[in-house]
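Residue numbers begin at 1 in each chain, while the letters A, B, ... track the order of the sequences. Because the structure is a prediction, the values reported are computed rather than measured. Only heavy atoms go into these numbers, but all of them, side chains included; no hydrogens, no water, no symmetry mates.
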There are 2 protein chains.
Amino acid sequence: MGTVERRERERQELRTKIVDVAREMFAAEGYEAVTMRKIAERIEYSPTAIYAHFKDKNALIRELCETDFLAFAQRFVAFLQVDDPIERLRRAGVAYVDFAVDNPQHYRLMFLTPRPSIEGEDTSGANDPGRNAYVFLRSTVADAMDRGLFRAELTDVDVVAQAIWAALHGVVALHITVCRANDQWMSWAPLEERRALMSDVVLRGLLRDPEKAEAPSPGALRLSHSRR
Amino acid sequence: MGTVERRERERQELRTKIVDVAREMFAAEGYEAVTMRKIAERIEYSPTAIYAHFKDKNALIRELCETDFLAFAQRFVAFLQVDDPIERLRRAGVAYVDFAVDNPQHYRLMFLTPRPSIEGEDTSGANDPGRNAYVFLRSTVADAMDRGLFRAELTDVDVVAQAIWAALHGVVALHITVCRANDQWMSWAPLEERRALMSDVVLRGLLRDPEKAEAPSPGALRLSHSRR
């Protein structure tokens, strides 16, 4: 490998390292408390080395958010292939909880930490489900409404989408923050039981025919996939 | 007022001030990042003055948690007077959201910030609904199950109680953390609509007879109260 390629690879590795360390520090201490200098100290580079990659803290936060929200949205686009919107919601719900449990620091920073407003944020992907997971959720809810699957009085797509999101957020937010082993104040049920009940309860509460909240058998699923 | 009383009042005022400032700082920066010295600097007292009240950070966190969780639990005990467990859940849900919106820093520290384990914590109130709000929630769910109001397959009191809690936690956690004015990625529905839909959807999903999820008319409520 030539010198140019090695330098570029090292440059990229340092950039990724800065972002990873910043994520960890922001998640632990909040955006306010962490300075560029503190990040430099943690990775044992000079502040100058960091400023060569990010001109200021705003630029670093912007890249961190863009990276994490893109990766998050990409988790859900595959489910657009699932024809039945209820099954799509069910599977996306499982993927959502898995994401949070597998990446508690990403999740903490994305959805549990107040974020400063970001200057120069690229919002061109705001309507693209591949870049904005809310668009995936919203379009799936709209699809279910169009097909008459939800109760007739549920007509506000955003309120329904935000209730579904809040239900899953509540499960994982309690899990990664409050739920502790040996809690003397309460006895925590296993995460999978809490997730499954929440999915079932919310779908039943939304559906015109609550029985459809039951997950179909694997055979029925395969059948519905072969339709596309 | 005599010198002794004045001194005692001033002592109590300083103690309350320390706890209030500590809550604010812990909520903003996390438990780890805040030291006794930083708290002293913020209130412009010497560290010695703070140590006269709390022998260490653990003692301060312990008092803070005891104070806040007690005040929180006290919000719900009055609802034990409501005979119908579904109505009790409905009202407690409104009170829960009100608490979070009125006291976002308390809420952030109680339920959105990882807490270190507390030495010497007094857990003697673990089974008292007046000191542990989870006992209130759990007993209300158990009451609804005993009366056959929930679907027959719902038999695990803790899983159901934790799903109800998670649903409300999700609504308020998104509200006080993520929900921002002028969000370019999504359009937030008003909090009250999100809360009301969540309450309706979760109760419908749990109830044997989903129609009972509808809030009764004020007249019907008064009637149910007069039964006690």
Practice task
Using the side chain to side chain contact (heavy atoms under 4.5 Å, CB included) rule, pick out the option among B/Val201, B/Leu207, B/Leu203, B/Leu206 that qualifies with A/Val201.
Solution key: B/Leu206
Completion exercise
Between the CH2 atom in B/Trp165 and the CG atom in A/Leu174, the distance rounded to the nearest 0.5 Å is 5.0 Å
Handout entry: Which atoms of A/Val159 approach chain B - backbone, side chain, both or neither, heavy atom under 4.5 Å
Key = both
Handout entry: Max heavy-atom pair count under 4.5 Å with chain A, selected residue of B/Glu193, B/Arg115, B/Met110, B/Arg108
Key = B/Arg108
Fill in the blank from the handout: Whatever's closer than 4.5 Å to a heavy atom in chain B on A/Arg138 counts as neither
Exercise for the section: Tell me, out of B/Arg195, B/Gln162, B/Glu32, B/Glu29, who's got the most heavy-atom pairs with chain A below 4.5 Å. Expected result: B/Gln162
Handout entry: Residue pair A/Asp200, B/Arg151: steps toward the salt bridge (Lys or Arg N to Asp or Glu O under 4.0 Å) verdict
Key = CA-CA 12 Å; A/Asp200 175 64; B/Arg151 289 185 284 125; 2.9 Å; yes
Handout entry: Atom group of A/Pro210 that falls short of 4.5 Å from chain B, counting heavy atoms
Key = neither
Practice task
Could you tell me the separation between the CG atom of B/Asn127 and the CH2 atom of A/Trp185, rounded to the nearest 0.5 Å?
Solution key: 9.5 Å
Exercise for the section: Check whether A/Leu197 gets within reach of chain B through its side chain, its backbone, both or neither, counting any heavy atom under 4.5 Å. Expected result: side chain
Problem - Choice from B/Ser187, B/Pro190, B/Ala213 maximising heavy atom contacts with chain A below 4.5 Å - result: B/Ser187
Handout entry: Contact class of A/Val160 relative to chain B, heavy atoms under 4.5 angstrom
Key = both
Problem - Reported CG-to-OH distance for the pair A/Asp183 and B/Tyr134, which is rounded to 0.5 angstrom - result: 9.5 Å
Problem - A/Ala161 portion near chain B, given a 4.5 angstrom heavy-atom threshold - result: neither
Practice task
For B/Lys212, look at atom NZ and say whether over 12 heavy atoms of other residues, nucleotides or ligands are found less than 6.0 Å away.
Solution key: no
Exercise for the section: Tell me, for A/Leu154 versus chain B, whether the close heavy atoms (under 4.5 Å) come from the side chain, the backbone, both or neither. Expected result: side chain
